[in-house]
Amino acid sequence: MLDIQFIRNNPELVKEKSKQKGYGVDIDQLLGFDGKRRELQLQVEDLRRRKNEISDATKGQRPSDEQVAQGREIKDQLGTLEHQLSSIEQEFVTLLKTVPNMPTEDVPVGVSENDNVIVREWGQKPQFDFEPKSHAVLGEERGWIDKERAAKVAGSRFAYLKGDLVLLEFALWQFALSQLTSQDVIRKIISNNNLQVSDKPFTPVIPPAVAKTEVYDATGRLNKEEQTYKLADDDLWLNASAEHTMAPMYMGEILNESDFPIRYVGYTTAFRREAGTYGKDSDGIMRLHQFNKLEMESFNLPEDSLNEHLFMIAIQEYLMQSLGLPYRVVMKCTADIGGPNARGVDIDVWLPSQNQYRETHTADYITDYQARRMQTRVRRGNGEVQLVHTNDATAFSERPLIAILENNQTADGHVRVPEVLRQFLSGKEVM
RNA sequence: GGAAAGGUGGCCGAGUGGUUGAAGGCGCUGCUCUCGAAAAGCAGUAUGUCGGAAACGGCAUCGAGGGUUCGAAUCCCUCCCUUUCCGCCA
């Protein structure tokens, strides 16, 4: 949620930036609600003050008939006004929630993902002296991916992953966790990238994979039923990323400055309905209703959050480089970063079968947009209380498996295991 | 799922209808003392929101929401959560 003060002070800017993100929010109507709400609030507070005065005046004694009569009258008036106030308040908040976060100056303005800007490319795209197979074909041939039987059990867009592919996946988690919890590795990444951030390692977390409506909504990440799975008999939604259940962890809390930055790397199974993607990426495990993901989430002091965002991108690159996968870094444009984001960067990996780069990682710079609704705050050294900044970024999802299969495939249908992962596959060089 | 006890400020903890936004303690901040520190003493120390240039003032907040009352942390209802016991279970 955006700061209403900021909107009051910069209505034209908010209109323009919202439009750049493709959000048609009626700021004038919002400010109208805001004014009306404040007007009513003054009246309500005045009545309450009078009510309190009478109640103070009676102290421990029995009130006079006159005082009781006055109190009754105020109560009636208050009832009406408070009702009006709460209904305008509701309209106000509903509209306010739809105002997106403001993109930073360096976010390219665009209308679709076609306007995203490629920042850099890394690695050598593999040259094959045979026709490379898609991960879906390889996976089926080698018995690693079985979607037909999964469809029988759970419907389309689910999969059984089996055999070495499963070991490879767990290797990915093991490897990333080993790196992110190592202060030496963290220091190396910081110094190689000349970053000004804390060298505190990440704490591994397995969060709940579900969240209540109120909590999920506060993260700004709750898409309605068409995108997020809802449990029918409970007020719970299945998380679409560990970010969604880690970000609200400190909801309603005031944290100590000395605890910052708070860095977590969380693992969950993520669930997405993927409505509106019929026919898209239906091959293999590119786009499933259920997948596993290791996600970084950090809570930062406002002045540190942008550097933390850059740090997370550096980590993502480090992880991809460690696997030797060719990738590019993409600065997402205003239309593509999403409502709560002030800035968003993707890492896309090269997929030979598609002859194109595909997204494997995202890094989100959220500023205080989530924290404002979650009311996650920090008490600074000088006693001041501020909203924290949240940052999140993918460590690994299952998509890098696709890239490993495709980029590292051999003519006989085998796959070279990236060196850093071999220790987790009994030292196997090829799977 | 059943039963019981609970949910009060950064933390612990008093408080069952009216000077309680909330005793007391801890923590934190400042001052005194000291060469310095500790200890001790004194003072201060919730958040949000509205008005105000500010000083300051109003209002709200004792898990959440609703109700009773002239007046609610305190009484009633619904929900959420925690702990213990039972049941079930990886």
Side-chain angles (χ1 to χ4, degrees), chain A residues 1-9 30-97 206-218 222 230-237 245 248-260 262 267-269 299 301 368-388:
Chain A
M1 195 164 73
L2 212 57
D3 184 3
I4 184 62
Q5 302 271 22
F6 180 82
I7 301 174
R8 277 182 209 142
N9 297 337
L30 177 70
L31 292 174
F33 286 155
D34 182 43
K36 182 75 189 156
R37 152 182 162 266
R38 285 200 279 174
E39 200 179 289
L40 273 168
Q41 188 172 333
L42 279 177
Q43 296 175 35
V44 165
E45 287 181 0
D46 189 57
L47 277 173
R48 284 178 184 157
R49 182 180 51 75
R50 283 170 53 201
K51 181 184 85 170
N52 290 341
E53 277 167 6
I54 292 172
S55 134
D56 276 356
T58 60
K59 295 193 179 171
Q61 309 146 24
R62 193 158 293 155
S64 68
D65 289 350
E66 196 191 341
Q67 285 170 323
V68 171
Q70 275 180 354
R72 279 223 177 91
E73 195 192 320
I74 290 172
K75 193 159 80 167
D76 288 346
Q77 291 176 20
L78 257 182
T80 315
L81 280 176
E82 279 176 339
H83 186 77
Q84 289 176 25
L85 178 61
S86 82
S87 81
I88 190 94
E89 186 91 42
Q90 211 175 345
E91 285 185 285
F92 167 73
V93 171
T94 303
L95 194 54
L96 179 58
K97 287 198 285 196
I206 298 179
V210 296
K212 301 179 205 182
T213 302
E214 189 200 348
V215 175
Y216 211 144
D217 197 37
L222 183 60
K230 171 88 168 69
L231 299 187
D233 294 332
D234 299 278
D235 179 34
L236 291 171
W237 303 75
T245 41
M249 199 168 175
Y250 296 110
M251 202 166 160
E253 294 190 42
I254 299 175
L255 304 162
N256 289 321
E257 177 169 351
S258 58
D259 294 333
F260 281 73
I262 300 174
Y267 173 87
T268 60
T269 300
F299 301 86
L301 300 175
D368 60 9
Y369 191 87
Q370 284 181 324
R372 182 164 293 105
R373 277 188 59 203
M374 299 190 300
Q375 283 297 296
T376 300
R377 292 167 293 173
V378 54
R379 190 183 309 279
R380 304 304 300 258
N382 61 7
E384 197 189 330
V385 173
Q386 291 178 333
L387 292 168
V388 307

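Reckoned from all heavy atoms, side chains included, excluding hydrogens, waters and symmetry mates. We name chains A, B, ... by the order of the sequence lines, and we start the count at 1 in each one.
Across the strands present, B:C89 finds no partner; the criterion is a Watson-Crick or G-U wobble pair with both atom distances under 3.5 angstrom. When both pairing distances are held under 3.5 Å, B:C79 makes a Watson-Crick or G-U pair with B:G63. Base pairing annotation: B:G52 forms no Watson-Crick or G-U wobble pair, as no partner gives both donor-acceptor distances under 3.5 Å. Base-pair partner of B:A3: B:U84 (Watson-Crick or G-U wobble, both distances under 3.5 Å).
Taken residue by residue, residues 209-217 of chain A places heavy atoms nearer than 4.0 Å to RNA chain B at A:K212. At a non-hydrogen distance threshold of 4.0 Å, A:K75 from residues 75-91 of chain A come into contact with RNA chain B.
Across B:G6 and B:C76, the matching P atoms stand 13 Å from one another, rounded to whole Å. Here the separation of B:G18 from B:C75, taken at their P atoms, is 12 Å to the nearest Å. Atom P of B:C11 sits at a distance of 30 Å from the matching atom of B:A4, rounded to the whole Å. As rounded to the nearest Å, B:A22 and B:U61 have P atoms that lie 14 Å from one another. Distance noted for atom C1' between B:G21 and B:G57: 16 Å (whole Å).
If you take CG of A:L47 and C1' of B:A60, they are 15 Å apart, rounded to a whole angstrom. Distance NZ (A:K51) to P (B:G18): 16 Å, rounded to an integer number of Å. Atom pair A:L40:CG and B:C59:P shows a separation of 18 Å (rounding to whole Å applied). Here the P atom of nucleotide B:G57 and the CD atom of A:E53 are 15 Å apart, to the nearest Å. If you take CG of A:D259 and C1' of B:G10, they are 11 Å apart, rounded to a whole angstrom. Separating the CZ atom of A:R49 from the C1' atom of B:G57 is a distance of 10 Å, rounded to the nearest angstrom. Nucleotide B:U29 holds its P atom 13 Å from the CD atom of A:E257, rounded to whole Å. Following rounding to the nearest Å, A:I74 (CD1) and B:U69 (C1') show an atom-to-atom distance of 14 Å.
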| task | Go through A:L255 and A:R377 one step at a time and tell me if the side chain to side chain contact (heavy atoms under 4.5 Å, CB included) criterion holds. | result | CA-CA 6 Å; A:L255 304 162; A:R377 292 167 293 173; over 6 Å; no
| Do A:D217 and A:K97 pass the side chain to side chain contact (heavy atoms under 4.5 Å, CB included) test, and can you show the C-alpha distance, the side-chain angles, and the key distance before you say yes or no? | CA-CA 10 Å; A:D217 197 37; A:K97 287 198 285 196; 3.2 Å; yes
| message | Could you walk me through whether A:I7 and A:D34 satisfy the side chain to side chain contact (heavy atoms under 4.5 Å, CB included) test, starting with their C-alpha distance in whole Å, then the side-chain angles of each, then the deciding distance to 0.1 Å, before giving a yes or no? | response | CA-CA 10 Å; A:I7 301 174; A:D34 182 43; over 6 Å; no
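Crowding of A:D65 atom CG: a count of heavy atoms from other residues, nucleotides or ligands under 6.0 Å not exceeding 12. More than 12 heavy atoms of other shown residues, nucleotides or ligands fall within 6.0 angstrom of atom CD in A:E53. Atom CD of A:Q90 has 12 or fewer heavy atoms from other residues, nucleotides or ligands within 6.0 Å.
Considering CZ of A:F6 and CZ of A:R372, their distance stands at 10.0 Å, rounded to 0.5 Å. From A:E45, atom CD reaches atom CG of A:L78 across 11.0 Å, with rounding to the nearest 0.5 Å. Note that the CD1 atom of A:I4 and the CG atom of A:N9 stand 9.5 Å from one another [nearest 0.5 Å].
No engagement by A:D235 is indicated, since no non-hydrogen atom pair under 4.0 Å with the nucleic acid exists.
One finds no salt bridge joining A:E73 and A:R50 here, because no Lys/Arg side-chain nitrogen approaches an Asp/Glu carboxylate oxygen to under 4.0 Å.
With a 4.5 Å cut-off on side-chain heavy atoms, A:Q43 and A:Q77 do not count as touching. The shortest side-chain heavy-atom distance between A:I88 and A:E91 falls under the 4.5 Å cut-off. When side chains are defined from C-beta on, A:L236 does not count as touching A:K230, because their heavy atoms never get closer than 4.5 Å.
Between A:R72 and the phosphate of B:C70, there is a side-chain N or O to OP1/OP2 separation shorter than 4.0 Å. For B:C70, neither phosphate oxygen OP1 nor OP2 lies less than 4.0 angstrom from any side-chain nitrogen or oxygen of A:N52.
Residues A:A69 and A:D46 each lie close to RNA chain B; by heavy-atom proximity, the contact nearer the 5' end of the strand is made by A:D46.
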Enumerate the protein-to-nucleotides 43-52 of chain B contacts in which both atoms are nitrogen or oxygen and the separation is below 3.5 Å.
| residue | atom | partner | partner atom | Å |
| --- | --- | --- | --- | --- |
| B:U47 | OP1 | A:R379 | NH1 | 3.2 |
| B:U47 | O3' | A:R377 | NH1 | 3.0 |
| B:U47 | O2' | A:R377 | NH1 | 3.0 |
| B:U49 | O2' | A:Q41 | NE2 | 2.9 |
| B:C50 | OP1 | A:R8 | NH2 | 3.0 |
| B:G51 | OP1 | A:R38 | NH1 | 2.8 |

